[in-house]
A.B. asks: 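Mind having a look at this structure? Questions to follow.
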Protein chains: 2
Amino acid sequence: MDDQKPTDANGARILHPDRDLATVIGDLVAVSSRLARLAASETGNAESPAVWRTLAVLRDLGPLRLGELARASRVAQPTMTKLVHALDERGWVRRLVDAADGRAWKISLDPSGLAALDAWRAELGEALAPWFAGLSPDDVDTLIDASRIVHERLDLQPARGAVRPGGVA
Amino acid sequence: MDDQKPTDANGARILHPDRDLATVIGDLVAVSSRLARLAASETGNAESPAVWRTLAVLRDLGPLRLGELARASRVAQPTMTKLVHALDERGWVRRLVDAADGRAWKISLDPSGLAALDAWRAELGEALAPWFAGLSPDDVDTLIDASRIVHERLDLQPARGAVRPGGVA
DNA sequence: CCAATCTATATAGATTGGCTATATGATGTC
DNA sequence: GACATCATATAGCCAATCTATATAGATTGG
């Protein structure tokens, strides 16, 4: 098969006449929600999704203050306090004193947390493999691309005026 | 307008050397989880995500029995019972007697439920627009495609005996 | 340098969604 | 027609998250 990826079998790529961005995003969110739900229910995972979201944010953005982390992970600060305590006890994150500000902590991802995150991702991939078996290389390609696109957008913070912690540059 | 979409600006589509499927799925789920969370927190929406998931499933699969609906929406049956009662009171779904089986109901999406779902999607799109502003047509295309791909997979139920619609070869 | 004030995190209490266990009513089988 | 089975409903519990508030460190005017 030629890798001419677009317009697959049923010409999907060329028939999105007037779908406005809002609709596209709405669909994307709907399907994302269902996928996340499937993943959560399919892996017998004991950890809450918030745990993995938090670790992933730390991996992507590097050490953050607790408040920054809460905002980035879209939870309230008290929720993040509890979450971080739990993660700290597991050894998955470190609470570093912020030398410049005694009130604050720098939360950083411990190597064991990164390992746990990777393990979770692998487990997830295996658990969901039956659903995605037989995906064409082309489709896999599209999913990789979409992940990256959304990923980039998530780390923006348009609502607050681009706080960008450690310079994402 | 040349719809030559593949291999976008930075040639993303061709540089995924050895990423195995599990990793791709893991990333996809991680990013989906964060997106869903963002959406939930960004719209002041009073309804739980389960409401929208359920309506979306009904829209996609048509009238279902309560138990089937619970499985498709990935919640326990009692949870779906409560959910359906709430949706019924809002007039968003109808509980039709199953003539062939007095124990069961057929839950069907009411037009008003479909309208609510559309309205939610629109609201969502607007709320998240700031994050996705300036997306290239090509990227939008990728997201549409990815939504469709995942969507198709979600409606499969591999656990119950590989329904596989169009043999994936 | 001290007091007033602001900021970062911690704690308390309430709300909610979801689950497991089990009850109820309908089917169908021998 | 009694019994095992299936679909849905109800009861009670747990976990995650939120809002409101307390505490401790930082900052600044005088």
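Every chain is numbered from 1 and lettered A, B, ... according to where its sequence line falls, protein lines coming before strand lines.
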A.B. asks: Rounded to the nearest 0.5 Å, what separation is found between the OG1 atom of A:Thr43 and the CD atom of A:Glu123?
C.D. replies: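 Going from the OG1 atom of A:Thr43 to the CD atom of A:Glu123 covers 5.0 Å.
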A.B. asks: I'd like to know if the side chain of B:Asp138 pairs up with that of B:Ser136 as donor and acceptor (distance under 3.5 Å, no hydrogens or angles considered).
C.D. replies: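 Side-chain D/A pair, B:Asp138 to B:Ser136: absent.
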A.B. asks: Test A:Arg153 against B:Asp139 for salt bridge (Lys or Arg N to Asp or Glu O under 4.0 Å), laying out the working first.
C.D. replies: CA-CA 12 Å; A:Arg153 297 292 163 157; B:Asp139 284 351; 5.4 Å; no
A.B. asks: So among B:Leu64, B:Leu87, B:Leu66, which one has a side-chain contact (heavy atoms from CB on, under 4.5 Å) with B:Met80?
C.D. replies: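 Going through B:Leu64, B:Leu87, B:Leu66 one by one, the side-chain contact (heavy atoms from CB on, under 4.5 Å) with B:Met80 is satisfied by B:Leu66 alone.
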A.B. asks: Using the test side-chain contact (heavy atoms from CB on, under 4.5 Å), find all partners of B:Ala119 that sit at least two apart in sequence or belong to another chain.
C.D. replies: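 With neighbours one apart ignored, the set is empty.
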A.B. asks: Reading DNA chain D from 5' to 3', where do the contacts with chain A start and stop? Cut-off is 4.0 Å to heavy atoms.
C.D. replies: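 From 5' to 3', the first and last contacting nucleotides are D:dA16 to D:dA26.
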A.B. asks: If a pair satisfies salt bridge (charged side-chain N to carboxylate O under 4.0 Å, His left out) and one of its residues is in residues 78-91 of chain A, list it, with sequence neighbours excluded.
C.D. replies: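 Every pair satisfying salt bridge (charged side-chain N to carboxylate O under 4.0 Å, His left out) with a residue in residues 78-91 of chain A: A:Glu47-A:Arg90.
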A.B. asks: Heavy atom of residues 27-38 of chain B under 4.0 Å from DNA chain C: which residues?
C.D. replies: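 Here the set is empty: none.
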A.B. asks: If the condition is ring-ring contact (aromatic ring centres under 6.0 Å, His included), which residues does B:Trp92 pass it with, not counting sequence neighbours?
C.D. replies: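 With neighbours one apart ignored, the set is B:Trp52.
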A.B. asks: Excluding sequence neighbours, so at least two apart, what forms side-chain contact (heavy atoms from CB on, under 4.5 Å) with B:Asp101?
C.D. replies: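 For B:Asp101, the residues satisfying side-chain contact (heavy atoms from CB on, under 4.5 Å) (neighbours in sequence not counted) are B:Arg65, B:Asp98, B:Arg103, B:Ala104.
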A.B. asks: How would nucleotides 25-30 of chain C be written as a contact map, 5' to 3', with B for base contact, S for sugar-phosphate-only contact and - for no contact, using protein heavy atoms under 4.0 Å?
C.D. replies: BBS---
A.B. asks: Checking A:Glu126 now: which residues fulfil salt bridge (charged side-chain N to carboxylate O under 4.0 Å, His left out) with it, not counting sequence neighbours?
C.D. replies: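 So A:Glu126 forms no salt bridge (charged side-chain N to carboxylate O under 4.0 Å, His left out) with any residue.
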A.B. asks: With sequence neighbours left out, write down each residue that passes side-chain contact (heavy atoms from CB on, under 4.5 Å) with A:Ser41, or none if nothing qualifies.
C.D. replies: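 Partners of A:Ser41 by the side-chain contact (heavy atoms from CB on, under 4.5 Å) criterion, ordered by chain and then number, come out as B:Arg74.
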A.B. asks: Requiring both pairing distances under 3.5 angstrom, list the stems that contain DNA chain D and are made of three or more consecutive Watson-Crick or G-U pairs.
C.D. replies: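 Expected stems, ordered by start: C:1-30 with D:1-30.
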A.B. asks: Distance check, rounded to the nearest 0.5 Å: A:Ile25 atom CD1 versus B:Leu143 atom CG?
C.D. replies: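 Here the rounded value is 8.5 Å.
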A.B. asks: What residues, two or more places apart in sequence or in another chain, satisfy side-chain contact (heavy atoms from CB on, under 4.5 Å) together with A:Arg121?
C.D. replies: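 side-chain contact (heavy atoms from CB on, under 4.5 Å) check on A:Arg121 returns A:Arg59, A:Asp118, B:Thr23, B:Asp27.
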A.B. asks: Of the residues in residues 76-83 of chain B, which ones touch DNA chain C at a heavy-atom distance under 4.0 Å?
C.D. replies: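 Residues of residues 76-83 of chain B under 4.0 Å from DNA chain C: B:Ala76, B:Pro78, B:Thr79, B:Lys82.
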